[in-house]
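Each ligand, and each atom within it, is numbered from 1 in the order the structure gives. None of these values were measured; they are calculated from a predicted model.
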Amino acid sequence: MATKIIYFTVNGRPERAELPLDCPAQDLKDLFRSAAEARPHDILKLYNPKGNLINISPRLEPNNPSSCYKLEVVAADCTSELLGVELAVALGFNFSTMEKRLQGLEKKILAQAVETPAVVYEMKKQVDLFREKLEVNVKASRVWSTSAGWGCSRSCLMDHTNPPLSTTRDLYAKPVMRSNTSLEVSEEVRQYLKTPSFDNWQWEDAEIMVLLQVMYTDLDFIATFNIEPEVLQHFLFEVYRRYNNIPFHNFKHCFCVTQMMYGLIWMTDLKSKIDSIDLLTMLTSAVCHDLDHTGYNNAYQINARTELALRYNDISPLENHHSAVAFEILEKRESNIFRNLTIEQYKRIREGIIQCILATDMTKHNEILSKFKTILPVFDFKNKDHKDVVITLMMILIKVSDISNEARPMEVAEPWLDCLLQEFYNQGDMEKLEGLPVTPFMDRDKVTKPSSQTGFIRFVLMPLFIELANLFPCLEQHIVYPVRKALDYYTEMEKALERDKQNRAQEKASKSKESPPGSQAASDAQTASVQECSKTAAQ
Ligand code: BYE
Ligand code: ZN
């Protein structure tokens, strides 16, 4: 029988399904329902890697692990779906009554064991369709309707201490931007945006879009390169759309890397040292550097012989792709922020962006760092002919920005590490499922958070950050010092975990002599001990 393979994730867990080519829609839905352990009335939503909602139908395209679908379950109790209810009520549609009536009808029918009348199926279909439409609108309304300059009546950007209230947003705001955008962002936020202590978790995506515009504005790019605000907004929205909904390499990561780059430019006063076209290259490279990342690294792409590995002959498949997607966006006139540049300027910026994005491939780390070390003693910003020197510095700066989470406050950095490990473990699971070599630091059975991070900080982060601080001594306090603190924190956590392991082993040995094992007590002890360690290290 001809079959197709569908890869999808559910609750962050990768799954692989094999189905007949002509699998009926109902069977397909049942399969997804059981994979999600969903109840009969729960709603299943299937997303493609772009984050678009797609139909669960017999025509569902087979895919491969690097273009996994994502399955989500929405509990059938629609009163908890505040956004949906708000919209439904506003539309004069009593959603919950309708659904309750349907459930009642269905129960009656089931009790009488007669065939469900077609009209009930029809009504169910309509309710499902309507709910689907609501949910598709939610992502768009999150982006378009909240912030200043994006059709919003209330600005959250004036005060970063107030988390935005998502329930007050105007769901009907059209994705139309004000053309005379004045970015209503307070001076306080503008200054905060220049520091590594900026907390990305406090801001919604729509606000992040505005903050990105602020960066282009405050670096004078709008005026210097004649970038129309609408074009910048189009560009940023295309970028936003082409980051996937995955645990780590998502739009928020794009923002963090860009914001760190922005901070580095200000902290080192780079504006007075290098050409503004190079600064524009650096900021835009950061914005674009992980476009359309699917959550599986180059090793996976190559081992699984994905389309990307094939296309790029196993040579930095991901980074080549990120850069190609960036130029796909820039090829369109309405989102080409470089459209008013001269041909020469465009050529230079294109070359720079490609080099910067390709430099984020960590297999090139030693090569780039060694090059930087050799040019450091002869570094001279006044010598404008040192094109080679400047591009190496640009590569170092994007690399630093890309892996700089640990230079941020612990409350910001630690959730990022959890996201990264989640993405890595997903890949490890997929590699096991597919019989591919399991990348050592992605094996959830072998890697712990502190053990991986202490090694990474000691051997990758510190040597890189210290070299950059040799050139810019002011960075010592801003990025080297916090990374040292993070190393202490994870070293303490590692020790605590080690102690727990020993305690548990001892406890088990003594318990097995006396009474049956009490694993709950041991795991409680572990949690308490890790919490205690976190507190001491954070002080
Ligand atoms: C790197 C390469 C690809 C993707 F498991 C992300 F120990 C990263 F290796 N980044 N970015 C930040 C990191 C960090 N890798 C690690 N720690 C980071 O803080 C180490 C990893 C958890 C592991 Cl380098
Ligand atoms: Zn990145």
Side-chain angles (χ1 to χ4, degrees), residues 196 200 239 242-244 246-261 282-301 316-323 325-326 353 356-366 368-369 395-410 412-428 431 438-465 479 482-487 489-491 493-494:
N200 68 281
V239 165
R242 305 222 45 184
Y243 273 94
N244 295 316
I246 52 177
F248 185 87
H249 288 102
N250 49 41
F251 179 66
K252 288 191 196 305
H253 168 67
C254 144
F255 170 75
C256 284
V257 176
T258 311
Q259 190 269 327
M260 185 59 76
M261 179 67 97
M282 284 158 54
L283 199 78
T284 311
S285 299
V287 168
C288 299
H289 86 283
D290 271 329
L291 278 166
D292 198 30
H293 199 302
T294 52
Y296 296 89
N297 74 357
N298 281 333
Y300 179 89
Q301 305 288 337
S316 304
L318 281 176
E319 293 72 19
N320 270 299
H321 181 58
H322 305 321
S323 177
V325 174
I353 291 180
C356 282
I357 296 183
L358 293 184
T360 60
D361 180 347
M362 283 302 287
T363 61
K364 304 279 184 293
H365 179 78
N366 289 336
I368 298 170
L369 186 56
M395 288 178 177
I396 288 286
L397 288 170
I398 194 166
K399 280 176 59 53
V400 165
S401 308
D402 194 19
I403 56 174
S404 62
N405 289 331
E406 291 300 344
R408 297 183 180 278
M410 202 54 75
V412 181
E414 199 169 359
W416 274 116
L417 181 57
D418 295 332
C419 293
L420 181 60
L421 288 174
Q422 194 187 332
E423 198 170 295
F424 280 2
Y425 290 158
N426 284 348
Q427 177 176 326
E431 287 166 337
V438 180
T439 309
F441 53 87
M442 298 189 178
D443 190 336
R444 67 172 80 238
D445 301 323
K446 298 199 176 125
V447 178
T448 71
K449 192 160 130 176
S451 69
S452 60
Q453 205 57 353
T454 47
F456 177 74
I457 297 178
R458 264 199 203 104
F459 303 114
V460 181
L461 272 193
M462 287 303 280
L464 175 66
F465 283 26
I479 62 170
V483 170
R484 276 209 186 97
K485 291 266 290 183
L487 180 57
Y489 175 79
Y490 287 113
T491 309
M493 194 189 279
E494 199 176 6

Query raised in the report: How are the rings of F248 and W416 set to each other: parallel, tilted or perpendicular (split at 30° and 60°)?
Result: perpendicular
Query raised in the report: Side chains of D402 and H253: do they bring a donor and an acceptor to under 3.5 Å?
Result: yes
Report summary line: the Zn ion (ligand 2) -> D290, closest N, O or S atom is OD2
Requested in this report: May I ask you to list the atoms of ligand 1 that are less than 4.0 angstrom from any heavy atom of L417?
Outcome: 22 (C)
Query raised in the report: Should L420 be listed as contacting ligand 1, given a heavy-atom distance under 4.0 Å as the test?
Result: yes
Requested in this report: May I ask you to check whether E431 and Q427 show a side-chain donor-acceptor distance below 3.5 Å?
Outcome: yes
Report task. May I ask you to check if any N/O/S atom from H289 comes under 2.8 Å of the Zn ion (ligand 2)? Result -> yes
Report task. Looking only at N, O or S atoms, find the one in D402 nearest to the Zn ion (ligand 2) and name it. Result -> OD1
Requested in this report: Can you pull out the closest protein heavy atom to atom 23 (C) of ligand 1? Residue, atom name and distance to 0.1 Å, please.
Outcome: S452 CB, 3.9 Å
Query raised in the report: Looking at the Zn ion (ligand 2), is one of the N, O or S atoms of H293 less than 2.8 Å from it?
Result: no
**Report entry** Heavy-atom nearest neighbour in the protein, as seen from atom 11 (N) of ligand 1, with distance rounded to 0.1 Å
**Finding:** I403 CG2, 3.6 Å
Report task. For the pair H289 (side chain) and A286 (backbone), establish whether a donor and an acceptor sit closer than 3.5 Å, ignoring hydrogens and angles. Result -> yes
Query raised in the report: Just distances here: any N/O of E406 and N/O of ligand 1 closer than 3.5 Å?
Result: no
**Report entry** Under 3.5 Å: donor-acceptor pair, side chain of N200, backbone of V412
**Finding:** no
**Report entry** Donor-acceptor under 3.5 Å (T360 side chain, I357 main chain)
**Finding:** yes
Report task. Of all the heavy-atom pairs spanning S316 and K364, show the shortest one and how long it is. Result -> OG-NZ, 3.8 Å
Query raised in the report: Out of curiosity, is H249 lining ligand 1, as in a heavy atom under 4.0 Å away?
Result: yes
